[in-house]
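The structure is given below, and queries will be raised subsequently.
If you read the sequence from its start, that first residue is 1, and numbering goes on from there.
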Amino acid sequence: LLLERGYAALHEAALGRAALAGSLTGVFLGFAGSEFAQVLAASPAGGSVYAATGSASSIAAGRLSYALGLHGPCVSYDTACSAALAACHAALRALQLDECVTGLVAAVTLMLAPAIGTSFAIAGMTSARGRSHTFDARADGYARGEACGAAALGGGEATADAGVLVSGSAVRQDGRSASLTAPNGQAQQALLRAALADAATAPDALALGEAHGTGTALGDPIEAGSLAAAVLARRGDAVALPLGSV
């Protein structure tokens, strides 16, 4: 899946195999655990010489570089729900520092074994209704999903057909909070301000806020409150900010 989606993203960026071979193209992968490793270990193939490389996060990214002959940075990031965003941040910084000429950002998660889903349900993290009711009184947890996606980031001046322009980015951690998985409103506010500063963008220039959207009675109010404090309070004249969470 990563090979298919990764090459498709590069192809859409008009980068063919001949141009990619030997280039300083980096691979930045969001990879928060592999249930395939569990499936593989329990199968007859678990003792195969290929079992280790077939389920390692480092090889998941490295296989793209190997197959396409890419010489740029090649890293897998596991920061749980934010793995793809952390990988995108790393790609942006690598481009800004001229560590690569193109940054392939990819992320994948598949649900192949019941153990993790069962443990999350027992812990009360996932919704008993099976739906994420973000910013809703019915919010009782999130619903797990699976996907594989990739995007090619390029440096230089943006052009009309360049697709999405990444103006700025920031990565932070909650630090101490109510529990290991509980969010920290003050840390979230600092993160939002740092991202705006990095993009040299004023809060009143924002057209939409795309939220994490935990779908929980704890996380949603904290995130909404952080956006209100860091963004709405600085927009002036009580200008509303549309908020979504795909």
_Starting from Leu206, can I reach Leu192 by hopping between I/L/V/M/F/W/Y residues whose side chains sit under 4.5 Å apart?_
yes

*Hey, does Leu110 have a side-chain heavy atom less than 4.5 Å from the side chain of Phe36?*
no

*Does any non-hydrogen side-chain atom of Val75 lie less than 4.5 Å from one of Leu29?*
no

_Are Asp78 and Phe31 packed together at the side-chain level, in the sense that at least one heavy-atom pair is separated by less than 4.5 angstrom?_
no

*Just by distance, do the side chain of Ser132 and the backbone of Thr134 share a donor-acceptor pair under 3.5 Å?*
no

*Which atom pair, heavy atoms only, marks the closest approach of Ala170 to His89?*
N-ND1, 3.7 Å

*asked:* Quick one, Leu3 and Arg63 - any side-chain contact, counting heavy atoms below 4.5 Å?
replied: yes

*asked:* What's the separation between atom OG in Ser76 and atom CD1 in Ile59, rounded to the nearest 0.5 Å?
replied: 9.0 Å

*Following the transitive rule for hydrophobic clusters with a side-chain heavy-atom cut-off under 4.5 Å over Ile, Leu, Val, Met, Phe, Trp and Tyr, establish whether Leu241 and Phe135 coincide in one cluster.*
yes

_Within a 6.0 Å radius of atom CZ on Arg193, are there more than 12 heavy atoms belonging to other residues, nucleotides or ligands?_
yes

*asked:* Could you see if Leu191 belongs to whatever hydrophobic cluster contains Leu85? Use Ile, Leu, Val, Met, Phe, Trp, Tyr and a side-chain cutoff under 4.5 Å.
replied: no

*Considering all heavy atoms, the nearest Leu95-Cys100 contact*: CD2-O, 3.6 Å

*Full working for side chain to side chain contact (heavy atoms under 4.5 Å, CB included) between Thr25 and Leu68*: CA-CA 10 Å; Thr25 297; Leu68 298 174; over 6 Å; no

*Identify whether the distance between the nearest side-chain nitrogen and carboxylate oxygen of Glu12 and Arg5 falls below 4.0 Å.*
no

*Nearest atoms (heavy-atom pairs only) where Phe28 meets Ala87*: CB-O, 3.5 Å

*asked:* Can you tell me how far apart CD (Gln173) and OG (Ser82) are? Round to the nearest 0.5 Å.
replied: 8.5 Å

_Regarding Asp198 and Arg93, does a basic nitrogen lie under 4.0 Å from an acidic carboxylate oxygen?_
yes

*OG1 of Thr126 to CZ of Arg131: how many Å apart, nearest 0.5 Å?*
14.5 Å

*Which atom of Glu146 lies closest to which atom of Met111, heavy atoms considered*: OE1-N, 2.8 Å

*asked:* Check whether Thr201 reaches the backbone of Ala197 with its side chain - one donor and one acceptor, N or O, closer than 3.5 Å.
replied: no

*Find the distance between OG (Ser65) and NE2 (His71) and round it off to the nearest 0.5 Å.*
9.0 Å

_Is there a path of hydrophobic side-chain contacts, each under 4.5 Å between heavy atoms, that joins Leu112 and Ile116?_
no

*Flag, side chain of Asp136 to backbone of Ala139, donor-acceptor distance under 3.5 Å*: no

*Between the side chain of Arg129 and the main-chain N/O of Arg138, is any donor-acceptor distance below 3.5 Å?*
yes

*At what distance, to the nearest 0.5 angstrom, does CG of Leu20 lie from CG of Leu104?*
9.0 Å

_To the closest 0.5 Å, what do you measure between CG (Leu153) and OG1 (Thr102)?_
9.0 Å

*Sort and list the pairs that fulfil side-chain hydrogen bond (donor to acceptor under 3.5 Å, both in side chains) and have at least one residue in residues 209-227, not counting sequence neighbours.*
Gln188-Ser226, Thr214-Thr216, Thr214-Asp220

*asked:* Can you give me the closest heavy-atom contact between Ala86 and Thr79, atom names plus distance?
replied: CB-OG1, 3.7 Å

*Are the side chains of Leu227 and Leu232 in touch, meaning some heavy atoms are under 4.5 Å apart?*
no

_hydrophobic_cluster_shared for Val105 and Tyr77, side chain cutoff 4.5 Å_ = no

*For residues Asp174 and Pro183, report the shortest heavy-atom separation together with the two atoms involved.*
OD2-CA, 3.7 Å

